[in-house]
Trainee: 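If you scroll down you'll find the structure; I have some questions about it.
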Amino acid sequence: MQQSPVVMTDSFSNLSLAEPLARAVAEMGYETMTPIQAQAIPVVLTGRDVMGAAQTGTGKTAAFSLPLLQRLLKHENSSTSPARHPVRALVLLPTRELADQVAQQVKLYAKYTNLRSAVVFGGMDMKPQTLELKRGVEVLVATPGRLLDHIEAKNAVLGQVEYVVLDEADRMLDIGFLPDLQRILSYLPKQRTTLLFSATFSPEIKRLANSYLKDPVTIEVARPNETASTVEQHFYSVTDDDKRRALKQIVRQRGITQAFVFVNSKLGCARLARSLEREGLKTTALHGDKSQDERLKALAAFKAGEVDLLVATDVAARGLDIKDVPAVFNFDVPFNAEDYVHRIGRTGRAGASGLAVTFVSGSDGRLVADLEKLLKKKVDLEAIEYEDDRPRGRINDGRRAWREAGELGDPRDALDAPRPREREREREARPSRPAAAPRDPFFDQPYQAPATEQPPAWEQGAKPAPSRVSANIKSKRKVPALFKAQ
DNA sequence: AAAAAAC
């Protein structure tokens, strides 16, 4: 590995980009390169493999697409291929919205060239994508699943790919994506340039990533996993019941005009969005159980400022570039510490200031501890002074079950609590408990099946009633313990 | 304790 060369100037005009590219860049109003651009562009221009870590919102897309287009222009493909425009550069992303966004940017940069680009992702009709692929494109932007579909349908031929970019590379290399990714890579020539970019790289992923790179140049503009210094971060101790009221209060007190609100589950996402909407806040939900049409509409409405709160799962955590979003709420502490860095990267973009608020409830001790380890910083838990005096919610501190909220303890303390087996031993050591209360005799009667079994309504031709939340969300409502299988 | 990515 080798350090990137020192660049003395950071103006796009000093890059000697091909005229059509320079024109597009100028037209977009870009003059000065961001640090990641200044470091990555000259390296990518040499054709070397790159592993690039830079904070989100600092122009990574231009950092790889401009030099890539430049190389495609400079080195005309000399091979006699069946297609007149074989795919020469492939850009892979972990979400459809991100693929869409990157594809739009690539189109803008390539506007004055004769290079063709296209984007393919799931949830959309195959046919228009197929047509575009058959006509031939040099630059293909894609999500993994749909790309494999096109490969297997022989719509996309990747035998002449010279450049592969894995954006959000750590996500692309994680266990959920790796099999698809490996299959895609198996269709590509071994002789090629591979570029990996992300804001976060765990040590394990870094090692894995290196096995896909040949003699790479590592570019680290910021310490990996670092959050932008322009983002003011707060962690509030709340009960699960009080999160919504805390959210509304902070939005009002700080005069927040627009915010991302991240939650950990699709169902929670739909529910929270609905509840906030009912309370008169302009809210929309974005998660993977929505149709692609709804997803794109939700994002567009948020972008256009028609919606103030975008309640989203981690589908929106990475890369989405929406200007001037002043705040991000982590309604739930993210399961992966890395995702915290990505989520709060939705605000404070391009040097702007931003606010990141995370709600920490009783069972989040482990997640907060993980986060502290990643950020190499102690998290300072703050209390919220509620304006209203409705009763507070109850605390589930993960070790003592529910107790009334008097004062909020530090959930990290629960990590020092005795482990289950030790707890078991403690219980055994205790004097025997008082006799159990007498049971309701009803539950002791054996179950009596009805005399005639009626087939369920849906088998009689009736349509199942749509779920109250959203027709395409599977209900995850808990079965009452009494009826649970043993 | 989940989400994402194909039909």
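None of the values given here were measured: they were computed from a predicted structure. Here is the naming used below: chain letters follow the sequence lines, and residue numbers restart at 1 for every chain.
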Trainee: If we ignore angles and hydrogens, is there a donor and acceptor under 3.5 Å between the side chains of T347(A) and R349(A)?
Mentor: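 On atom types as modelled, these side chains do not qualify, holding no pair under 3.5 Å.
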
Trainee: In whole angstrom, what separates L178(A)'s CG from dA3(B)'s C1'?
Mentor: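 Going from CG in L178(A) over to C1' in dA3(B) covers 17 Å.
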
Trainee: Using a strict threshold of under 4.0 Å (side-chain N to carboxylate O), is an ion pair present between R343(A) and D314(A)?
Mentor: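 Between R343(A) and D314(A) there is a salt bridge, with a charged N closer than 4.0 Å to a carboxylate O.
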
Trainee: Verify the contact: side-chain N or O of R96(A) to OP1 or OP2 of dA5(B), cut-off strictly under 4.0 Å; return yes or no.
Mentor: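 So the side-chain polar atoms of R96(A) do come within 4.0 Å of the phosphate oxygens OP1 or OP2 of dA5(B), strictly under.
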
Trainee: Quick check on dA5(B): is either OP1 or OP2 less than 4.0 Å from any side-chain nitrogen or oxygen of R183(A)?
Mentor: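 Checking R183(A) against dA5(B): no side-chain N or O falls below 4.0 Å of OP1 or OP2.
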
Trainee: Expected output is a numbered-order residue list: members of residues 196-203 of chain A with a heavy atom under 4.0 Å from any atom of DNA chain B. What is it?
Mentor: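 Of all residues in residues 196-203 of chain A, none places a heavy atom under 4.0 Å from DNA chain B.
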
Trainee: Using only side-chain N and O atoms of T313(A), determine if any of them is under 4.0 Å from OP1 or OP2 of dA4(B).
Mentor: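 Looking at the OP1 and OP2 atoms of dA4(B), one of them is under 4.0 Å from a side-chain N or O of T313(A).
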
Trainee: Just to verify, what does E220(A) make a salt bridge (charged side-chain N to carboxylate O under 4.0 Å, His left out) with, not counting sequence neighbours?
Mentor: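 For E220(A), the residues satisfying salt bridge (charged side-chain N to carboxylate O under 4.0 Å, His left out) (neighbours in sequence not counted) are K206(A).
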
Trainee: Within the structure shown, what part of the strands sits under 4.0 Å from N264(A) by heavy-atom distance: base, sugar-phosphate, or nothing?
Mentor: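 Here N264(A) touches the backbone only, sparing every base.
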
Trainee: Are R88(A) and E162(A) close enough for a salt bridge, meaning some N to O gap below 4.0 Å?
Mentor: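 A salt bridge links R88(A) with E162(A).
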
Trainee: To the nearest angstrom, how far is D167(A) atom CG from dA4(B) atom P?
Mentor: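 Spelled out: CG on D167(A) to P on dA4(B) is 18 Å.
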
Trainee: Tell me whether E338(A) is salt-bridged to R171(A), with the criterion being a basic N under 4.0 Å from an acidic carboxylate O.
Mentor: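 Looking at E338(A) and R171(A), the cut-off is not met.
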
Trainee: Rounded to the nearest Å, what distance is computed from the CG atom of residue L267(A) to the P atom of nucleotide dA4(B)?
Mentor: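 Roughly 12 Å, once rounded to whole Å.
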
Trainee: When the distance from CG of L173(A) to C1' of dA4(B) is rounded to whole Å, what number comes out?
Mentor: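 L173(A) atom CG is separated from dA4(B) atom C1' by 15 Å.
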
Trainee: Ion pair present between D49(A) and K214(A), side-chain N to carboxylate O less than 4.0 angstrom?
Mentor: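 No, D49(A) and K214(A) are not salt-bridged.
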
Trainee: Please report the closest heavy-atom contact between G319(A) and R346(A), naming both atoms and the distance.
Mentor: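 Of all heavy-atom pairs spanning G319(A) and R346(A), the closest is N-NH2, 3.0 Å.
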
Trainee: Taking the six-membered ring for Trp and the single ring otherwise, decide whether the centroids of F331(A) and F260(A) are under 6.0 Å apart.
Mentor: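 Between F331(A) and F260(A), the centre distance exceeds or equals 6.0 Å.
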
Trainee: Looking at dA2(B), does its base get a donor-acceptor pair with the side chain of N336(A) below 3.5 Å?
Mentor: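 Such a pair exists between side chain and base.
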
Trainee: Could you check which of dA6(B), dA1(B), dA4(B) has an atom nearest any side-chain atom of L367(A)?
Mentor: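 My answer, after comparing the listed nucleotides, is dA1(B).
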
Trainee: Base, sugar-phosphate or nothing for R318(A)? Non-hydrogen atoms, less than 4.0 Å.
Mentor: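 Here R318(A) touches no strand at all.
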
Trainee: Tell me the interatomic distance from D289(A), atom CG, to dA2(B), atom C1', rounded to whole angstroms.
Mentor: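 Rounded to whole Å, this separation is 12 Å.
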
Trainee: Starting at atom CG of L148(A), determine the distance to atom P of dA5(B), rounded to an integer number of angstrom.
Mentor: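 Spelled out: CG on L148(A) to P on dA5(B) is 14 Å.
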
Trainee: Would you say T95(A) reaches dA5(B)'s phosphate, i.e. side-chain N/O to OP1/OP2 under 4.0 Å?
Mentor: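 Negative; the distance criterion is not met.
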
Trainee: Mind calculating the distance between CZ (F262(A)) and P (dA1(B)) to the nearest angstrom?
Mentor: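 Roughly 24 Å, once rounded to whole Å.
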
Trainee: Have a look at G288(A) and say if it touches a base, only the backbone sugar-phosphate, or nothing, with a 4.0 Å heavy-atom cut-off.
Mentor: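 Touches sugar-phosphate only.
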
Trainee: Taking the side chain of K266(A) as its heavy atoms from C-beta onward, which of dA3(B), dA1(B), dA6(B) lies nearest to it?
Mentor: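 Selected nucleotide (nearest to the side chain): dA3(B).
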
Trainee: Calculate the interatomic distance between D170(A) atom CG and dA3(B) atom C1'; express it in whole Å.
Mentor: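 Those two atoms, CG and C1', are 14 Å apart.
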
